[in-house]
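Worksheet: the structure to be examined is printed underneath.
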2 protein chains.
Amino acid sequence: MDQIDTEILQQLQRSAKISMKELATIVHLSSPAVIERVKKLEEQGIIEGYTTKVNLKKINRSIQAIILFKSIDCKSLSNFCNAHPDVLECYRVAGEISYIVKIATYSVETLEQFIDDAMPYGTPSTNIVLSRTENSVIKPFTLE
Amino acid sequence: MDQIDTEILQQLQRSAKISMKELATIVHLSSPAVIERVKKLEEQGIIEGYTTKVNLKKINRSIQAIILFKSIDCKSLSNFCNAHPDVLECYRVAGEISYIVKIATYSVETLEQFIDDAMPYGTPSTNIVLSRTENSVIKPFTLE
DNA sequence: AGTTTTTTCTTATATTATAAAGCAAAATGA
DNA sequence: TCATTTTGCTTTATAATATAAGAAAAAACT
């Protein structure tokens with residue numbers, strides 16, 4: 001991981017579909033050299049994959065919520081959440097809270113249904129997302 | 001948005017770098033037809049972009065935390081968080097909590113520093129992430 | 001039924017990814 | 001210190017892919 005790899009990673013995060021040719025001119029290398037570096041980043045597991053960001057509102061997932069659970073049966077809740085199609089992310093955490101679930105659902109009714117279904121596993125504290133910001137490019141740590 | 005678009009979106013979420021040719025065989029269309037559909041999904045804003053998933057631990061971001069704030073000066077906190085390089089996501093929410101920040105940092109020391117720096121904006125409740133699951137393919141809603 | 005619009009296919013071309021060979025610098029080891 | 005190995009790069013050549021253009025089919029509308 002040198003500065004060139006760092007630049008490559010940042011560019012790929014910014015846009016996964018950048019061509020190896022364009023990437024090559026940015027980092028002042030030939031495209032086969034860049035392809036080789038990218039392949040190594042993949043093999044090392046630093047790059048986990050390439051994905052597409054979808055606008056949730058435009059596919060009718062108009063409501064997002066972050067639901068917090070305290071002192072619960074984590075195993076059962078985890079199974080329930082991972083099987084539910086509206087769940088985006090689950091976090092097992094240590095702190096005041098023990099489990100955090102992020103969901104994207106269709107309506108207040110489907111949210112209500114989710115909360116009801118989750119109830120048996122613990123007491124949910126539901127927080128509706130009003131707005132969100134994201135840092136889509138994470139700068140890797142580099143030794144100079 | 002028909003069933004073909006739904007399939008395309010799911011495949012692209014699974015792997016943004018799938019070739020249009022391969023996608024075409026999956027949905028039983030020619031590649032120009034698929035390219036056209038993808039372009040439309042982009043123009044409609046349903047596809048927001050393509051990104052690369054990076055393994056945070058492998059770039060030394062060994063600690064992740066979800067930090068909750070109650071009744072705070074959202075504007076200032078938001079500015080602080082969005083300027084901080086360790087912050088991944090911020091949520092303005094309505095519920096028991098009013099602001100949620102997800103960070104990926106290097107060590108307990110850098111986490112401590114973040115908490116100290118965030119203190120002026122409200123009382124943070126820090127939850128260290130122990131494990132995480134993700135549903136990386138969100139199924140769009142389709143009329144049959 | 002006829003017209004217009006949209007979607008798709010085929011073909012042809014341009015772009016891009018990738019494999020191969022060769023070279024130079026750096027690292028390793030006797 | 002010198003030989004050997006490894007690593008990373010470049011150039012060249014080839015294969016694969018994306019994409020533009022035009023024609024045909026399907027769908028929607030009057």
Side-chain angles (χ1 to χ4, degrees), chain A residues 1-61 136-144, chain B residues 1-61 136-144:
Chain A
M1 275 296 287
D2 58 9
Q3 270 159 307
I4 292 177
D5 286 326
T6 298
E7 182 64 37
I8 288 173
L9 262 189
Q10 288 187 101
Q11 291 293 339
L12 286 175
Q13 285 180 84
R14 206 177 51 73
S15 178
K17 283 204 173 177
I18 188 175
S19 76
M20 295 298 108
K21 200 185 168 194
E22 195 183 340
L23 239 185
T25 65
I26 292 172
V27 301
H28 305 293
L29 283 177
S30 65
S31 39
V34 171
I35 289 170
E36 188 136 322
R37 276 170 177 267
V38 170
K39 197 176 290 173
K40 275 181 191 162
L41 290 169
E42 289 169 0
E43 284 164 0
Q44 290 174 272
I46 292 172
I47 290 177
E48 289 184 331
Y50 306 94
T51 192
T52 297
K53 281 192 276 185
V54 170
N55 186 312
L56 294 170
K57 285 191 182 163
K58 299 214 171 168
I59 56 167
N60 293 315
R61 307 269 186 147
S136 49
V137 179
I138 300 136
K139 191 170 188 296
F141 180 71
T142 321
L143 291 164
E144 300 301 302
Chain B
M1 274 296 287
D2 57 10
Q3 268 159 307
I4 292 177
D5 285 327
T6 297
E7 181 64 38
I8 288 173
L9 261 190
Q10 288 187 99
Q11 291 294 338
L12 285 175
Q13 285 180 84
R14 206 177 51 74
S15 179
K17 285 203 171 176
I18 188 175
S19 75
M20 294 299 107
K21 200 185 167 192
E22 196 183 339
L23 239 184
T25 64
I26 291 172
V27 301
H28 305 292
L29 284 178
S30 66
S31 39
V34 171
I35 288 170
E36 189 130 324
R37 275 170 178 266
V38 171
K39 197 178 287 174
K40 275 179 191 164
L41 290 169
E42 288 169 359
E43 282 163 2
Q44 289 174 272
I46 293 172
I47 290 177
E48 288 185 331
Y50 306 93
T51 191
T52 298
K53 281 192 275 185
V54 171
N55 186 312
L56 294 170
K57 285 191 182 164
K58 298 214 173 170
I59 56 167
N60 292 313
R61 306 270 186 149
S136 50
V137 179
I138 299 136
K139 190 168 189 299
F141 179 73
T142 321
L143 291 164
E144 303 301 303

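Chain letters run A, B, ... following the sequence lines, proteins first and then strands; every chain starts at 1. Here the structure is a predicted model, which means the values were calculated and not measured.
Within the structure, no pair that satisfies the side chain to side chain donor-acceptor pair (under 3.5 Å) test touches residues 17-33 of chain A, not counting sequence neighbours. Applying the side chain to side chain donor-acceptor pair (under 3.5 Å) test to every pair with at least one member in residues 33-45 of chain A, sequence neighbours left out, gives these pairs: A:Asp2-A:Arg37, A:Asp5-A:Arg37, A:Glu42-A:Tyr50.
In this structure, CD1 on B:Ile47 lies 8.5 Å from CD1 on B:Ile8, to the nearest 0.5 angstrom. We find the CG-CD1 distance between B:Leu29 and B:Ile4 to be 4.5 Å, quoted to the nearest 0.5 Å. In this structure, the separation between CD1 on A:Ile46 and CD1 on B:Ile59 is 8.5 Å, given to the nearest 0.5 Å. Rounding to the nearest 0.5 Å places CD of A:Gln10 at 10.0 Å from CD1 of A:Ile138. Note that the CD1 atom of B:Ile26 and the CD1 atom of B:Ile18 stand 4.0 Å from one another [nearest 0.5 Å]. From A:Ile35, atom CD1 reaches atom CG of A:Leu23 across 10.0 Å, with rounding to the nearest 0.5 Å.
For DNA chain C, the span of nucleotides reached by chain B at under 4.0 Å from its heavy atoms goes, 5' to 3', from C:dT7 to C:dT10.
Atom CG of B:Leu23 is separated from atom C1' of D:dT19 by 15 Å (rounded to the nearest Å). The distance between atom NZ of A:Lys21 and atom C1' of D:dT11, rounded to the nearest whole Å, is 15 Å.
A heavy atom lying under 4.0 Å from DNA chain D marks none of the residues of residues 8-19 of chain A. Remark: B:Ala33, B:Glu36, B:Arg37, B:Lys40 in residues 33-50 of chain B come within less than 4.0 Å of DNA chain C through at least one heavy atom.
Pairing each heavy atom of A:Ala16 with each of B:Thr52, the nearest pair is CB-OG1, 3.6 Å. Nearest heavy atom pair, residue A:Met1 against residue A:Thr6, reads CE-OG1, 3.9 Å.
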> Stepwise, does the side chain to side chain donor-acceptor pair (under 3.5 Å) test hold for A:Gln11 with A:Glu7?
Replying inline: CA-CA 6 Å; A:Gln11 291 293 339; A:Glu7 182 64 37; 2.9 Å; yes
>> A:Val54 vs B:Leu12, test: side-chain contact (heavy atoms from CB on, under 4.5 Å). Steps then yes/no.
In response: CA-CA 10 Å; A:Val54 170; B:Leu12 285 175; over 6 Å; no
Where do N or O atoms of nucleotides 27-29 of chain D meet protein N or O atoms at under 3.5 Å, pair by pair?
none

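Distance alone, capped at 3.5 Å, is enough to place a donor-acceptor pair between the B:Thr51 side chain and the A:Gln13 backbone.
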